[in-house]
Asks: 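Before anything else, here's the structure in question.
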Amino acid sequence: MSIPSTSTSRPFPTIPSFLVSTILTFVPTIMAGGSTAPSSIPQVDYGKMGTVGLGGSFSGLDWYSSDSPFASSSSSSSSTFSTTGDTLFYKTEDGILRALGSTNEGGIINSLCWSSSPDSSSGNGTLFIGGTFTSLSGVSANNVGSFSLSTNTFSALASGLSGNVNTLYCDDDNSEIWFGGSFNAPTGQGGNVALWSTSSSSWTAPSFGGLNGVVQSITPSTDKKSLYFGGDFTTTYLSSSSSNSTSRNNITSQPNAPVNTTTVGQSGYLTPLTISASAGESASYQIHAGPSSSLNQDGQNYGDTNGLLCPGTSTWLAQENTISNVNLVGNEYLPATGVRMVNGHEDGRSTTYFCFTSLPDYQELNMTYTDPKTGKNETCTDHCPLYTDPTISAQDFIFTQGTHNLTGFEIQLKQWTGDGAALGSVSLLTDGAYSSATGAGASSTCSSDKNSTVQSVGDWSTKTAATTSATELYLSSSVSTRDPTEAQVTFYPYVGSAGQYDIYVFIPGCLNIGDCDGRTSVDIEVFPLQGGLGWTSTISEQVDYDTKTLVYSGPVDATSDAFTPTLSLALAANPAAPARGNNYVVVADRIQLVLTGITESGSTISTTSSSSNGTNVIGTPITNTTTNSTYNVAYGVYEYARSTNSSLNAATSSLTNDTETALTRLGFGLDAALNASGSAASSWVVNTIVAANNTVFVGGDFSASNNYTNVISIDTASGQASALASQGLSGVVNTAAVVGGYVFFGGDFTSTASSGGVALNYIARYDPSSKAWAALGGGLDGFVTDLLASTASPNELIVMGNFSHIVSANGTSSGSGGYAVYDISTSEWLNTGIVFGNVSAGAVPSSSFGISSESFFAGKVYGHAGNSVGGVATLSTDDNGDAVISSLNDVNFGTSGSSPSSSTSTSSRRRSLNHPYTRSWLARYTDAIVERAHNVLSSRATPPTIPSQSSQAPAVLSGAFWTNSSASGKPTITILGGNFTSSSNNIQGLAFYNEKDGGLTGPSTPVEGVVKTLNVIGNNVYMGGEALNVQNVGSGLMVYDLKAGNWVTGGMASLNPSSGSDNVTVNAIKTRGNTNTVVVAGNFGTAGSLGCAAVCLWDSKDAQWSTPGSGLSGGEVRAVDFAGDSSDTLIVAGSFALSSGHVAYVASYSFSNSSWTPLGTLPGPALAIAVDDKNSSNIFAAGYSTSDGSTYLQQWNGATWTAQSESNPLAPGSLVSQLAFVPMKSEHEPQGSIESDRMLMVSGDLYLQNSGNVTSALYDGSTFYPYLVGTSSNGGLGAGSALFWSESDFSFKVRHYLARGLVVLVAIAIATGLILLLVLLVLLLTFCFRRRERKDQTMYNEKEVDSDGDIDSTHQNVFNNVQAALEASLIGGGLAGAGAAASTNRKENRVSDPSSYNSGAYPVGSEGGDQDEELEEEGRETTMRYDFDGPELQEGELAMKAGQRVVVLDDEQSMEWWFARDPLTGREGVVPATYGGLFFLLLFISW
């Protein structure tokens, strides 16, 4: 028999989705974290320790590397971060900051630019530097200099510049470096702009000379054909045109009142409200007067009232000797400020007194006028005088209470001269000018040259809005949202006098009209000045009630034959979506110009402060004309076009108008707004100009009230100026940059200018296409000074400034220092570590240059760390078994501490080994220590006092964990204690961090002092420290109920100071194993009245203090640990005296016999202690020597102490704060007494002799390995204080990590196995049901079996059945009766009888065709996989060939043999089950 080796090719099966999801369930998730430990340092397995934190006095934490600024390998570097001046530095591709040089003390670098010009003589390019300094790294340089990136050297630029440099631009195409600031020209005339030629290495004079004020910004146009200058300067342009041109610098306000009009204040500048009215009933306004005179001389009708609204056309005479009235009646409100009365002089008649009553309120108004005889202002109500002097053309009466809205008036002529009253005309005065969209009440039939007009584009309809006493006419247009067409109304108000105006747009409320669902937003464009720019803004018409919106504030020219101020209202370019429906509804009502000031002799006079007494009689005609060849003044911006041929000095000369550009005309508008701004003008400045395609954006400190604020744009193609959305930004804009089609602004602002706008914290994104503002996450916590588009990535924006934290969109913040990077593709701040200080300037190389991955910066920077941790970091192990540093999300402490005497002094960067030991904090006490030096255990000696160590804030000195079992999800709370504060939630000294929600909270009553130790017992946290106090709670040692959220008061006697001391210090609180005993250690004398100096025992169950044995007689215990499997031995370290009076630095206390034992002799006080896995014969202690102050680390072997560290030892001046054994990722060669699966972590302020300063080091028994480097908030070395973890008992046994690929494969295999198991279960269930059915059928047909049978073996059963089959085949069909008899005889001796196998048993012979068909139906067909043939076949076995079909009649009697039939010959017999095609399937089912 042969087994074929052929295989059949099949397509790869499709994996079901549920299988994919199952597989992914078993694939480990890679958690995002901080920086991973490099392979060059030992790998700690923090996963065994649970959640691990490291606290200390640091703001940043990194793994040690030779690039560390505190490493010995960097000690030879001549460039360090300066603490007194600005530092120039660069950031490498791997994120490391390296100093290049610094300025003199007090020097400032304001700007940088990078040049790749071939003439710069540097293969890597040259950095050019500008600011306020006298030297760069010792090289004399006055305010400007350069740094070669090839030779790493600084150079001066000739003799430098005489003053401050604010901005630079490197123009490599022209081999030029531009400088802007406040200085004298180094060559030529002018100033504030200087030009350095890289080809000649000398100063050259700009072709335009310079500018007359400070320059803050120099940037190129998009095509680089022009340079844009911004700052606090002006440029003047002459107009050589023969036509009249209004000066943009000093518009002249000229009264529009008739000659010899007696005015009140500036009423002569107010525009009369000309009204279209007649005596006809169909007119919008009707004018009536009566009774009229019947006098008719020379065809003159003196009773015609139409002339009363047309000054100078006719005189109306009242009926003789009769009081008469003049009435104006209409349906639409008109805003009036007063009335201009022209007396009548006809036939000896004139009016002498009148009164004015407003409609519809019928209020007799009090009015102010000027007495032409006395020159004083007077008031009147019911008898207002009209003077009969014919030389007085008109008299103005101003409503004393201000503008009055009226639909008409009634003037009663009460007294007169001659035969009756006479009146020339009546004109209502407005605040400035007025124009209605419908034309109602806005024009007059008698004065076409002084009418306000309106034009519309699109489909508009006139509608009426009813009010309580009048009706308002307005225009409305419905525009499809799917295909919006143009809908625009343009107002041409008649403006009588040039001046300063506020322009308002009136919007009818939608509730009264009923069109709220379709309301949207509109674009407003104002053209106020002849030859000036348009001012655009977008306002919402989605208002419930009538609204008056200010859209422009500034200078407006008077209406003339050549010019009319215009305002257009149109559907917004990006309209607000309607609340419902598919149509926008746009409404146009009316506009009003309110005069706010007049300009005379170049100065602006407010109309609100000019109503002094006196007569303002205009005696000569005044016309609105200006002289030829006037000049225009542009403020803050200047465009230098390289193609210009002008040689005029922009600083001292007036430039020709052919050099004007769109940016120039924007400058004209800025200058006009500047003149109107009054005292605010002193702070005006343009700080930044940036070009995006055809639009130039200008930012700084400037504004036009309710139009634009601190930022504005101009389209250089059309010359149209536009206010940005929401009228700009709320504060000063310092810088701008274009990245990815967006314009980014940075400065000192927190939102958009208009109320209800976007909240922006010091940085904002503007989308020119949608005209919308957006925040960058949650912004920053301080102002921005500079923005750069990164050349390393097209999606990154580099942000610099005076900030310390970046804020994400969800409000969480992370420490960054004055440097941050924002990714516009992900809309997230990138993790760039933390810079300690403020970055003021930056420069990036060209993207095509070899060093494009590096960037260059300058500022008041003291250092940098790769991980911003703010006093506490988490240490974890990733899926590959590598250690990772991470920060607690949104944990940010300030630089002030919780201690009243918290020190913020700057620590040294690096300690030197030039002396026997470095005089650190310990140096102040060295002399006293040496004087008190003594032999350990000397009789009745006083223990040396351990100097108090200050921890620079922010410092986390202790940590603990608590699981809130009663809260949803049972979150773990990390408890932090130390010397820190946080402005959020009144946090001070003690804080709680929720790992689920993130963020910090603290007790409602904060802690005063420094928390040095924490211990959680149940739901209570015990807290101890130095100078610790909680108001109304206690001091020294306190308990806080974490579950209840309050301080525990009472029930614990307080700790009291020892003799001669004023304070209680608690350094350690630890629970002894699983007992209720809590060890409290520190510097104290008693607990209540109980004497227990330095160490006291607290029973947390019985709430009772006790003294450990005979106790200690004094001193201080700094650290404690336990030894023994049941923690039956307490190990204490410090400087203390036993009850015998002997001084010890380390001692043990036995809980079993309550006895103290000093442990050997040490050089001085021990500051830290660690017991190796509770082994009392392997204890490590660290401290300092009382003889010379040197640091020691020694090991106790149960009998003696042994000094440690043969290689890379702790150098003098090191300060050890904590010792802790940590498990390792892999075994190391065991050294000394430390096992191969662990190392001793030493934390503090360390200096390793061969490595330099570190925060933590690992010790393997013979060698110190530098491990962690912390950086303080001032850039100095940060000290480590406490490593804390959540698993109280963990194994040091080394775990073996599979590679990530293998983990994935194992997960896939497990998932696949589960799927196969599910399939097999289904098949097994199917088989069981089928078998059950067949057994039921067998039981139904089965004949009785003799109970005497004794053969029950399955194998024997099959054999017997095979024999029966053979017998039946030998007997043949003709001996059926004999066969039946034989069967009956066999039945007596066998358990199974072939004749009984009607269902499931082997059939014997053939009993008829019907039965054969039934049996054949019962069998199942398969194919033989191998040949079963040959001479070795036994009787009853059925010979078959591979591939031959066979019908299996019985497969239940045996797993090895099947009873089968050859369907071709009808022969039956047994065949091996393994040779059949169904065998393996049945095998799986059976399994």
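Side chains included, hydrogens not; waters and symmetry mates left out as well; all remaining heavy atoms used. Throughout, numbering of the chain's residues begins at 1 and tracks the sequence.
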Asks: Take the angle between the ring planes of Tyr237 and Phe668 and call it parallel below 30°, perpendicular above 60°, tilted in between.
Replies: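 Perpendicular.
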Asks: So Val698 and Ser713, do their side chains get closer than 4.5 Å, heavy atoms only?
Replies: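 No, side chains not in contact.
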Asks: Does the side chain of Ser436 come under 3.5 Å of the side chain of Thr438 through a donor N or O and an acceptor N or O?
Replies: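 Checked: Ser436/Thr438 side chains pair up, N/O donor to acceptor below 3.5 Å.
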Asks: When Leu593 is tested against each of Leu567, Val556, Thr430, Thr271 for side chain to side chain contact (heavy atoms under 4.5 Å, CB included), which residue passes?
Replies: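 Checked Leu567, Val556, Thr430, Thr271 against Leu593; only one passes side chain to side chain contact (heavy atoms under 4.5 Å, CB included): Val556.
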Asks: Can you name the closest pair of heavy atoms from Val342 and Ser393 and give their distance?
Replies: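 For Val342 versus Ser393, the nearest heavy atoms are CG1-O, 3.5 Å.
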Asks: Go through it in stages, so that I can follow the logic: the residues are Ile507 and Asp589, the test is side chain to side chain contact (heavy atoms under 4.5 Å, CB included), and I'd like the CA-CA distance, side-chain angles, deciding distance and then a yes or no.
Replies: CA-CA 6 Å; Ile507 307 169; Asp589 187 354; over 6 Å; no
Asks: Any chance the side chains of Asp371 and Tyr387 put a donor and an acceptor closer than 3.5 Å?
Replies: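 Tyr387 and Asp371 do have a side-chain donor-acceptor pair below 3.5 Å.
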Asks: So how far is it from Asn327 CG to Ile287 CD1, rounded to the nearest 0.5 Å?
Replies: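 Answer rounded to 0.5 Å: 7.5 Å.
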Asks: Closest approach of Ala422 and Thr351, non-hydrogen atoms and distance?
Replies: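 In this case the closest contact between Ala422 and Thr351 is O-OG1, 2.6 Å.
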Asks: Report yes if the distance between the aromatic ring centroids of Phe409 and Phe356 is under 6.0 Å, otherwise no.
Replies: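 Yes, ring centres under 6.0 Å apart.
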Asks: Report yes or no: is the cationic atom of Lys414 (NZ for Lys, CZ for Arg) under 6.0 Å from the centre of the six-membered ring of Phe354, at an angle within 45° of the ring normal?
Replies: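 The answer is no, since Lys414 fails at least one limit relative to Phe354.
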Asks: Under the side chain to side chain contact (heavy atoms under 4.5 Å, CB included) rule, what do Tyr504 and Val594 come out as? Steps first, then yes or no, please.
Replies: CA-CA 8 Å; Tyr504 293 91; Val594 177; 3.8 Å; yes
Asks: For Asn377 and Thr370, what are the C-alpha separation, side-chain angles and deciding distance, and is it a side chain to side chain donor-acceptor pair (under 3.5 Å)?
Replies: CA-CA 4 Å; Asn377 284 353; Thr370 299; 3.0 Å; yes
Asks: Measure the spacing between OG1 of Thr388 and CG of Leu386 and express it to the nearest 0.5 Å.
Replies: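 Reported to 0.5 Å precision, the distance equals 9.5 Å.
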Asks: Carefully, step by step, assess Thr368 and Thr400 under the rule side chain to side chain donor-acceptor pair (under 3.5 Å).
Replies: CA-CA 6 Å; Thr368 301; Thr400 305; 3.1 Å; yes
Asks: Could you tell me if the side chain of Tyr635 sits less than 4.5 Å from the side chain of Leu666, heavy atoms only?
Replies: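 No - every pair of side-chain heavy atoms lies 4.5 Å or more apart.
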Asks: Looking only at atom types and distance, does a side-chain atom of Thr596 sit under 3.5 Å from a main-chain N or O of Gln500, one as donor and one as acceptor?
Replies: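 Flag set: sc Thr596 to bb Gln500 pair under 3.5 Å.
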Asks: How long is the span from the OG1 atom in Thr381 to the CG atom in Leu365, to the nearest 0.5 Å?
Replies: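 These two atoms lie 8.5 Å from each other.
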Asks: Can you see whether Ser540 engages Ser521 through a side-chain donor-acceptor pair at a distance of less than 3.5 angstrom?
Replies: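 Judged by distance alone, the side chains do not pair up.
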Asks: To the nearest 0.5 Å, what is the distance between SG (Cys380) and CD (Glu364)?
Replies: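 Those atoms lie 9.5 Å apart.
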Asks: Can you list the steps and then say if His288 with Asn325 is a side chain to side chain donor-acceptor pair (under 3.5 Å)?
Replies: CA-CA 8 Å; His288 301 284; Asn325 295 324; over 6 Å; no
Asks: Using a 3.5 Å distance criterion without hydrogens, assess whether the side chain of Asp557 forms a donor-acceptor pair with backbone atoms of Thr564.
Replies: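 Between the backbone of Thr564 and the side chain of Asp557 there is no qualifying donor-acceptor contact (under 3.5 Å).
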Asks: Using every non-hydrogen atom in the two residues, find where Gly344 and Ser350 come nearest and quote the distance to one decimal.
Replies: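 Result for this residue pair: O-OG, 2.7 Å.
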Asks: Just wondering, do Tyr269 and Leu595 contact through their side chains at under 4.5 Å, heavy atoms?
Replies: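 Leu595 reaches Tyr269 side chain to side chain.
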Asks: Any non-hydrogen side-chain atom of Tyr434 less than 4.5 Å from a side-chain atom of Leu428?
Replies: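 No, side chains not in contact.
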Asks: Rounded to the nearest 0.5 Å, how far apart are OG of Ser358 and CG of Leu328?
Replies: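 Ser358 atom OG to Leu328 atom CG measures 12.0 Å (nearest 0.5 Å).
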Asks: Which heavy-atom pair separates Gly719 from Ala662 by the least distance, and what is that distance?
Replies: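 Minimum heavy-atom separation between Gly719 and Ala662: CA-CB, 4.1 Å.
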Asks: Looking at every non-hydrogen atom in both residues, tell me the closest pair between Ser435 and Tyr492 and how far apart they are.
Replies: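 Between these two residues, the closest heavy atoms are OG-N, 4.4 Å.
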Asks: Carefully, step by step, assess Asp431 and Thr337 under the rule side chain to side chain donor-acceptor pair (under 3.5 Å).
Replies: CA-CA 6 Å; Asp431 281 337; Thr337 305; 2.5 Å; yes
Asks: Are the side chain of Asn212 and the backbone of Thr234 linked by a donor-acceptor contact shorter than 3.5 Å?
Replies: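 Yes; judged by distance alone, with no hydrogens or angles, the pair exists.
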Asks: Can you tell me if Trp460 uses its side chain to pair, donor with acceptor, with the backbone of Val457 under 3.5 Å?
Replies: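 Yes, because the side chain of Trp460 sits within donor-acceptor range (under 3.5 Å) of the backbone of Val457.
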Asks: Nearest 0.5 Å, please: how far is OG1 in Thr549 from CD1 in Ile539?
Replies: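 Ile539 atom CD1 to Thr549 atom OG1 measures 5.0 Å (nearest 0.5 Å).
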Asks: Check whether any side-chain heavy atom of Ile392 lies under 4.5 Å from a side-chain heavy atom of Asn260, and answer yes or no.
Replies: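 Ile392 does not reach Asn260 side chain to side chain.
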Asks: Is the closest side-chain heavy-atom distance between Pro528 and Pro565 below 4.5 Å?
Replies: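 No, too far: nothing below the 4.5 Å cut-off.
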Asks: Start with the C-alpha gap between Thr262 and Asp396, add the side-chain angles, then the distance that decides, and say whether side chain to side chain contact (heavy atoms under 4.5 Å, CB included) holds.
Replies: CA-CA 6 Å; Thr262 302; Asp396 287 350; over 6 Å; no
Asks: Looking at every heavy atom in both Arg340 and Asn256, which two are closest together, and how far apart are they?
Replies: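 Scanning both residues, the minimum pair turns out to be NH1-OD1, 4.3 Å.
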Asks: Got a sec: does the CD of Gln363 have more than 12 other heavy atoms crowding it under 6.0 Å?
Replies: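 Atom CD in Gln363 is packed in, count exceeds 12.
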Asks: Would the distance check show the side chain of Glu541 and the main-chain N or O of Val587 forming a donor-acceptor pair, the cut-off being under 3.5 Å?
Replies: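 Such a contact is found between Glu541 side chain and Val587 backbone.
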Asks: Is Asp671 reaching over with its side chain to a backbone N or O of Ala634, donor-acceptor style, under 3.5 angstrom?
Replies: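 Here the side-chain-to-backbone pair does not exist.
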Asks: Do any N or O atoms from the side chain of Ser754 and from the backbone of Ser726 form a donor-acceptor pair under 3.5 angstrom?
Replies: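 Yes.
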Asks: Kindly state whether the ring of Tyr474 and the ring of Phe506 have centres lying under 6.0 angstrom apart.
Replies: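 No, they do not, as the ring centres are separated by 6.0 Å or more.
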Asks: Taking atom types as modelled and ignoring hydrogens, do the side chains of Tyr302 and Glu346 form a donor-acceptor contact shorter than 3.5 angstrom?
Replies: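 A donor-acceptor contact under 3.5 Å links the two side chains.
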Asks: Could you point out which residue of Val505, Thr538, Ile591 forms a side chain to side chain contact (heavy atoms under 4.5 Å, CB included) with Val551?
Replies: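 With Val551 as partner, Val505, Thr538, Ile591 yield a single side chain to side chain contact (heavy atoms under 4.5 Å, CB included), made by Val505.
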Asks: Would you call Val339 and Met367 a side-chain contact if the rule is heavy atoms closer than 4.5 Å?
Replies: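 Sidechains of Met367 and Val339: in contact.
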Asks: For atom OH of Tyr353, decide whether the heavy atoms of other residues, nucleotides or ligands shown that lie under 6.0 angstrom number more than 12.
Replies: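 Open: at most 12 neighbouring heavy atoms sit under 6.0 Å from OH of Tyr353.
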Asks: Would you please test Leu569 and Gln488 for side chain to side chain contact (heavy atoms under 4.5 Å, CB included) and show each step?
Replies: CA-CA 6 Å; Leu569 180 152; Gln488 178 174 314; over 6 Å; no
Asks: Are any of the side-chain heavy atoms of Ser324 and Trp316 separated by less than 4.5 Å?
Replies: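 Side-chain contact under 4.5 Å: yes.
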